[in-house]
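Let me begin by presenting the structure, written as structure tokens, before commenting on it.
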Amino acid sequence: MRALSKYCLVLLVSACAIVPANAQKYKYPYGVEAMGVPEAVGVDTIMNQSPNNRSADDIKTALSIYDGTNVTKLVFFVSGYKSFLTAIENDRNDVQTGSSPGTSGTTSVVSKGVAAQILSLATEHGALARTDSTTVSTFSGNPTGIARLLKGDEAFPYCAIYDFSCESGLARILEGGSFHVSFNTTPSNNASTTSSTPPSNNSNILTTSSGQIAGWGARYDFHVRKKPADIAKNYGKQFNDTANPATAAGVAYAQSVNTLLHKIPQQQQDAWVAKYVAVFLSDATADHGEFTKALSQAVSDLADLAQKADPQFKTTSDLVVTRMSSYFVSRDKLVDDYVHKETFSVSYDDTRPSNQPSQSSAKFILSARVPTFAQVTANGTVEWYDQILKSSVSRIRDAQFALECDHTFGRTDAQLAPSLSAAYYFQYMVDNALLTLPSTALAPGTSIALPGNASELLNTKGPIHLGQVKVTFKIRNSGLSIPLALIFSNRTDLIKGTEVRGNFGITFNLDNLLAK
């Protein structure tokens, strides 16, 4: 018996090693890929045949759960894929979840490289370069992610990592688009209009804004994630290297795989095979997109059967994934396989500060990841007044540049992941600032009423320099982050005079939860 078991193990290792050697690219969510020999029919061949010309035997062969490729895909679906997504979301420092730097409540010196792919919510207190400092709550969303959520589809489609055909052309276009709306959740603390503060201090004529919306905007992110083909080409080689019978890792992997086989009762296996043979013989899978969706559903159903048959199946799958250490050992490599090292975005923001005309800005965002070191993000922004009423100030309000570096500390498996950020922000006020005041407002230090129109504040033109040190505590797998920041600046947009401010907030990114 012991000799027979050893012989079976050798055969299993050999089978696992041979199959991937001829299939270096995993294109489909389930099924044996093209084998490279005429007599072997893979799912790619079956897909390109009309349903009337497909063979039931060929489909059964392609769906066999005892094939090494299919075992890998099943295990990756059950354990690896979700771990893969969760690890990515935990380790990313390039996701913008809070309000833009121009609002009156934010902890972000820069707008990060990409927006949340589904939903995010942030509540932050303290402005950066603005005089009016309040608490602002920001809701951000991605139309494609929200549509999937409302429809009940997978938020992060499994088949998307293999083939674009499970996503519509419209979804691929909209994937990079997002929007955000910020709300004033507490009133401004600035003083009344009757203060005896000297005229050089403009803070005494600022009043609480009656508007609840602090701003809104839209953006489009490029290079959010790599094309599936760019990722999938590595799976076959990595699996082949792991399952190589000449290595100890290959033997350990084969032993782990062996525990997965024969877990599902034969009757249930037969029913599953019969169901999907019928599916792939039907006209409904003549379309390539529907064919790929059916393969994705097949591996999902198979995973459900396996986990019902064996409560330890998930644990065993985790062990198999652990044996595939050549793929999962490096978090930097894992992120490199899925996320572009560089992303760039364009955005439009409309902010509505207290006592000032609404302002629009156009921004270019560039973000790059330096492996094992930091995430570096740079912004270039031009801001203008939506209207200047009867004033003579320039329509262009200011130009901005910001640079930030983020680095995460601690173990990759720790529950708390602190990150340290250092940032520099420069803003040049092209002209004196413009205020919109009620007719009851008084000129600083006088009893003279100001006209209910745009009023020019004197001596606000010039540069603003700002430095920020921030610590963000991210609770892994939860989507919760708590940023705490300290800001040093030579002035604000309306008042000349050095400032030291503290900013804090709490953000929630739904992507982290749905990735699980």
Side-chain angles (χ1 to χ4, degrees), residues 96 98-112 124 126-134 136 180 182 188 190 200-203 205-206 209 211 214-219 345-366 377-404 423-437 454-468 487-499 501 503:
Q96 179 70 21
S99 61
S100 62
T103 61
S104 55
T106 182
T107 59
S108 301
V109 167
V110 305
S111 292
K112 294 296 187 70
E124 300 163 295
L128 296 179
R130 292 195 179 275
T131 301
D132 56 323
S133 185
T134 64
V136 171
H180 62 270
S182 297
S188 172
N190 291 308
S200 60
N201 187 344
N202 298 313
S203 66
I205 60 173
L206 298 181
S209 171
W216 61 274
R219 61 183 282 166
S345 309
V346 290
S347 72
Y348 167 82
D349 288 278
D350 183 270
T351 56
R352 302 180 181 186
S354 299
N355 305 111
Q356 298 184 58
S358 61
Q359 299 153 22
S360 295
S361 64
K363 181 177 298 182
F364 179 78
I365 305 164
L366 179 64
T377 309
N379 293 175
T381 309
V382 176
E383 190 168 32
W384 62 92
Y385 290 112
D386 292 337
Q387 54 181 333
I388 58 173
L389 302 176
K390 296 179 181 180
S391 69
S392 59
V393 301
S394 169
R395 186 72 177 266
I396 301 297
R397 183 180 187 272
D398 61 74
Q400 306 165 20
F401 172 79
L403 181 68
E404 179 174 295
Y424 169 74
Y425 172 97
F426 172 79
Q427 176 177 322
Y428 186 79
M429 298 288 292
V430 175
D431 208 338
N432 289 324
L434 195 61
L435 293 184
T436 302
L437 299 170
S455 299
E456 179 182 343
L457 285 181
L458 300 178
N459 197 30
T460 58
K461 178 180 177 180
I464 300 175
H465 299 277
L466 184 151
Q468 183 192 64
I487 293 173
F488 308 87
S489 66
N490 67 320
R491 53 166 291 197
T492 65
D493 60 339
L494 303 184
I495 301 175
K496 288 195 172 182
T498 58
E499 285 249 338
R501 287 188 179 185
N503 296 62

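Scope of the values below: all heavy atoms of this structure, side chains included, with no hydrogens, waters or symmetry mates. Since this is a predicted model, take the numbers as computed values, not measurements.
- In the model, His465 has no side-chain atom that pairs as donor or acceptor with a side-chain atom of Tyr425 under 3.5 Å.
- Of the inter-residue distances, the one linking Ile464 atom CD1 with Glu499 atom CD reads 10.5 Å to the nearest 0.5 angstrom.
- Using a 4.5 Å heavy-atom cutoff, the side chains of Glu124 and Asn503 are not in contact.
- Of the charged side-chain nitrogens involved, at least one lies within less than 4.0 Å of a carboxylate oxygen, so that Asp493 and Arg130 count as a salt-bridged pair.
- Distance check, rounded to the nearest 0.5 Å: CZ of Phe426 to CG of Asn490 gives 9.5 Å.
- Between Gln387 and Gln359, the closest side-chain pair of non-hydrogen atoms is not below 4.5 Å.
- The closest side-chain heavy-atom distance from Ser99 to Ser108 is not below 4.5 Å.
- Rounding to the nearest 0.5 angstrom, the gap separating the OG atom in Ser360 from the OH atom in Tyr348 is 2.5 Å.
- To the nearest 0.5 Å, atom NZ of residue Lys363 and atom CG of residue Asn379 are 5.0 Å apart.
- Residues Thr106 and Ser100 form no side-chain contact, since every pair of their non-hydrogen atoms from C-beta on lies 4.5 Å or further apart.
- Put simply, NE2 on His180 and CH2 on Trp216 are 9.0 Å apart, with the number rounded to the nearest 0.5 Å.
- Annotation: side chain of Ile365 is not in contact with side chain of Val346 (no heavy-atom distance under 4.5 Å).
- Counting only heavy atoms from C-beta outward, the side chains of Thr377 and Leu366 never approach each other to under 4.5 Å.
- Checked by atom type and distance alone, the side chain of Asn432 pairs as donor or acceptor with a backbone atom of Thr460 at under 3.5 Å.
- Interatomic distance, Thr492 OG1 to Asp132 CG, rounded to the nearest 0.5 Å: 9.0 Å.
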Quiz item: Does the side-chain contact (heavy atoms from CB on, under 4.5 Å) test come out yes or no for Gln427 and Arg397, once each step is laid out?
Solution: CA-CA 10 Å; Gln427 176 177 322; Arg397 183 180 187 272; 3.7 Å; yes
Exercise. Report the C-alpha separation of Tyr385 and Leu434 in whole Å, then their side-chain angles, then the decisive distance to 0.1 Å, and conclude whether the side-chain contact (heavy atoms from CB on, under 4.5 Å) test is met.
Key: CA-CA 9 Å; Tyr385 290 112; Leu434 195 61; 3.5 Å; yes
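- Arg501 contributes a side-chain N or O that, together with a main-chain N or O of Ala127, makes up a donor-acceptor pair within less than 3.5 Å.
- Applying the salt bridge (Lys or Arg N to Asp or Glu O under 4.0 Å) criterion to Arg491, with sequence neighbours excluded, gives no partner residue.
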Quiz item: Which is it for Ser104 and Ser133 under the side-chain contact (heavy atoms from CB on, under 4.5 Å) test, yes or no, and what are the steps along the way?
Solution: CA-CA 5 Å; Ser104 55; Ser133 185; 6.0 Å; no
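- Minimum heavy-atom separation, Val110 to Gln96: O-OE1, 3.5 Å.
- Between Val109 and Pro101, the closest heavy-atom pair is O-CG, 3.3 Å.
- Between Ser361 and Thr381 the shortest heavy-atom distance is CB-CG2, 3.8 Å.
- Under the rule for a salt bridge (Lys or Arg N to Asp or Glu O under 4.0 Å), the partners of Glu404 that lie at least two apart in sequence or sit in another chain are Lys112.
- With sequence neighbours left out, Tyr428 forms a ring pair (Phe, Tyr, Trp, His ring centres under 6.0 Å) with no residue at all.
- With respect to Ser358, the side chain to side chain donor-acceptor pair (under 3.5 Å) criterion is satisfied by exactly one of Thr351, Thr436, Asp386: Asp386.
- In terms of heavy-atom proximity, Ala378 sits nearest to Leu403 at CB-CD1, 3.9 Å.
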